[in-house]
Amino acid sequence: MASTTQFLISLPPKPPYLLSYSSPSKPRSINITCCLSIQQARNDQTTSSGSNALNGLRVAFAAGGTGGHIYPAVAIADELKLVNPTSELLFLGRPNSMESTAIPSAHFEFKSIPAVKLVRPFFSLRNLLLPYFLIKSITKCFTLLSKFEPHLVVGTGGYVSFPVCLAALLKGIKVVIQEQNSVPGIANRFLSLFADLVFVAFNSTVQSFPRKEKCVVCGNPVRLSLKNSVSKAVSRLHFFPWLEKMEGSSEEIKVILVLGGSLGANAVNIALLNVYSQLLLEHENWFIIWQTGVESFNEMESLVRSHPRLLLAPFLHSMNMAYAAADLVVSRAGAMTCSEILATGKPSILVD
C-alpha cells in the first residue's frame, strides 16, 4: 500500500520566493502553500502525526568535487535527520576524493561512483571519451539507486551530481537541486530543466534559470555542527594542545583562521606565504590556523617553515572548532564560506 508524503515549503504569493528561518532551538512552524509530493510505501500501522508520515523516507544526495558542493548536502542531511531520525540517507560521490572522507566523518553512508569531469574548453581532445565515461557513470548510479530506492534525490551541483541526477530522472525519481552561488554552473543549469524544484541562495540567481517558476530562494544551508556552541578555549586547545601549559592570560591570545578554499585559492595562500613569518615575529600572542586546500598543501608545506603558533592543514574537517577558535577569518569569498561566516558571526577579511 502506498501513501503520499509531502515536503512542505512556505512561499509568499509572488516570486522571488523567500523562506524565513527560525532558531534551531525553537519549534518550527511552516505555512503550507506549496508542496512536493512523493509516493512512499508504508506499513500497515499508520499514524496521523506529520513527523511519523516521514518514517522510512529515503533520500540520496549527489555531492562532491569541492566543499562548496559537499557541505550544503551535509547541512540538508543534518536537518532531515533532526526532523526525522528514521530517515535513510545515502551520499554518492567519487572514490579517493574529498567527499569520500568528509561524508563518512559526518556519519553518513557513502557510495562511490565513477564521475567524470568536463574539461574546458568544451572542444578539448580530453573530452572525446566523455560520452563513454558518462554512460558508464550513469549506469553505475542507476544500479545504486535501484538498490537504495530513494524517494528523492538532492543534487548540489558540480560534475559529480550530474550522472546521479540523470540516473534518477531516468528512473522516475523526484529530483531537487540546490545552487549555492549567484551564478549557477553547467550541471545545475541543465538539470534545472527537469528538476522538480530548484533551491537558490540569492534573488538574482533566479534570473539565471530558464524555468524561474521552479525556483525557491532560501539562502544557503549551514551545517548543524557550526550552530552548536563550542567554547573558544576548548577549540584552541584542539589545534594547539600546548596552550594548556602556557603561562599568562588566554585573553591576550588572538587566532587568525585562514581559509584557502577546499581545493586551494592561490591568491590567499601566496599572500599569507609572504607575510606569515613577519606576523608571527611581530605579534607573540598571534596564532594562525591555515587551511591551504588539498591541491595546494604539498607546495605550501614545502615553502612554509614550521612554527609552534602556526597550524598548516590541507583541509579542516572540524570547522566548528576552527570557527570557534578564531578571532578573525581571512578567506576567499566563496558563497558557502560567506554563509558560514554569517552563521558564526566572525569578523572577516574576504578576498574576491
Side-chain angles (χ1 to χ4, degrees), residues 66-68 70-71 98 101-102 105 220 222-223 225-352:
T66 67
I70 297 167
Y71 288 114
M98 187 182 303
T101 303
S105 68
N220 276 322
V222 176
R223 289 168 279 170
S225 61
L226 298 184
K227 302 175 187 177
N228 296 333
S229 178
V230 183
S231 76
K232 180 174 286 190
V234 170
S235 299
R236 288 176 171 179
L237 287 175
H238 175 78
F239 296 104
F240 304 101
W242 61 269
L243 279 177
E244 193 170 16
K245 301 177 182 179
M246 182 178 175
E247 297 181 359
S249 174
S250 61
E251 297 292 330
E252 299 176 356
I253 295 174
K254 301 299 178 185
V255 176
I256 303 171
L257 173 61
V258 181
L259 302 176
S262 56
L263 296 180
N266 286 333
V268 175
N269 286 331
I270 292 174
L272 186 60
L273 180 64
N274 291 329
V275 299
Y276 82 93
S277 182
Q278 189 69 20
L279 289 175
L280 294 175
L281 181 64
E282 294 179 356
H283 306 276
E284 295 183 356
N285 63 328
W286 283 21
F287 290 72
I288 298 175
I289 301 172
W290 182 0
Q291 176 185 278
T292 63
V294 176
E295 295 181 359
S296 300
F297 178 71
N298 290 336
E299 181 184 3
M300 290 297 111
E301 187 181 36
S302 67
L303 297 173
V304 173
R305 295 180 181 178
S306 178
H307 195 288
R309 288 185 282 122
L310 171 66
L311 175 70
L312 196 70
F315 191 73
L316 297 170
H317 291 290
S318 302
M319 281 304 300
N320 59 326
M321 292 281 196
Y323 279 119
D327 294 289
L328 175 69
V329 179
V330 179
S331 174
R332 171 182 166 271
M336 283 308 302
T337 301
C338 291
S339 297
E340 291 178 351
I341 290 173
L342 283 171
T344 53
K346 292 294 179 177
S348 62
I349 297 174
L350 300 174
V351 181
D352 193 357

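Distance check, rounded to the nearest 0.5 Å: OG of Ser331 to CD1 of Ile341 gives 5.0 Å. Interatomic distance, NE2 of His283 versus CD1 of Ile253, reported as 15.5 Å (0.5 Å rounding). For the atom pair CZ of Phe239 and CG of Leu316, the computed distance is 5.5 Å after rounding to the nearest 0.5 Å. Taking CH2 from Trp242 and CG from Leu237, the interatomic distance works out to 10.5 Å, rounded to the nearest 0.5 Å. Atom CG of Leu312 is separated from atom CE of Met300 by 9.0 Å, given to the nearest 0.5 angstrom. Between the CD atom of Gln291 and the CE atom of Met319 there is a distance of 6.0 Å, given to the nearest 0.5 Å.
In terms of the salt bridge (charged side-chain N to carboxylate O under 4.0 Å, His left out) criterion, Arg309 has no residue partners (sequence neighbours excluded). For Asp327, the side chain to side chain contact (heavy atoms under 4.5 Å, CB included) partners at least two apart in sequence or on another chain are Lys232, Arg236, Lys254, Val255.
By the 4.5 Å heavy-atom criterion applied to side chains, Ile289 and Val258 are not counted as neighbours. Between Leu350 and Cys338 there is a side-chain heavy-atom pair separated by less than 4.5 Å.
Within 6.0 Å of CD on Glu282 lie more than 12 heavy atoms contributed by other residues, nucleotides or ligands.
Aromatic pair Trp286/Phe240: centroids not less than 6.0 angstrom apart.
Judged by distance alone, the side chains of Asn320 and Ser225 never bring a donor and an acceptor atom under 3.5 Å apart.
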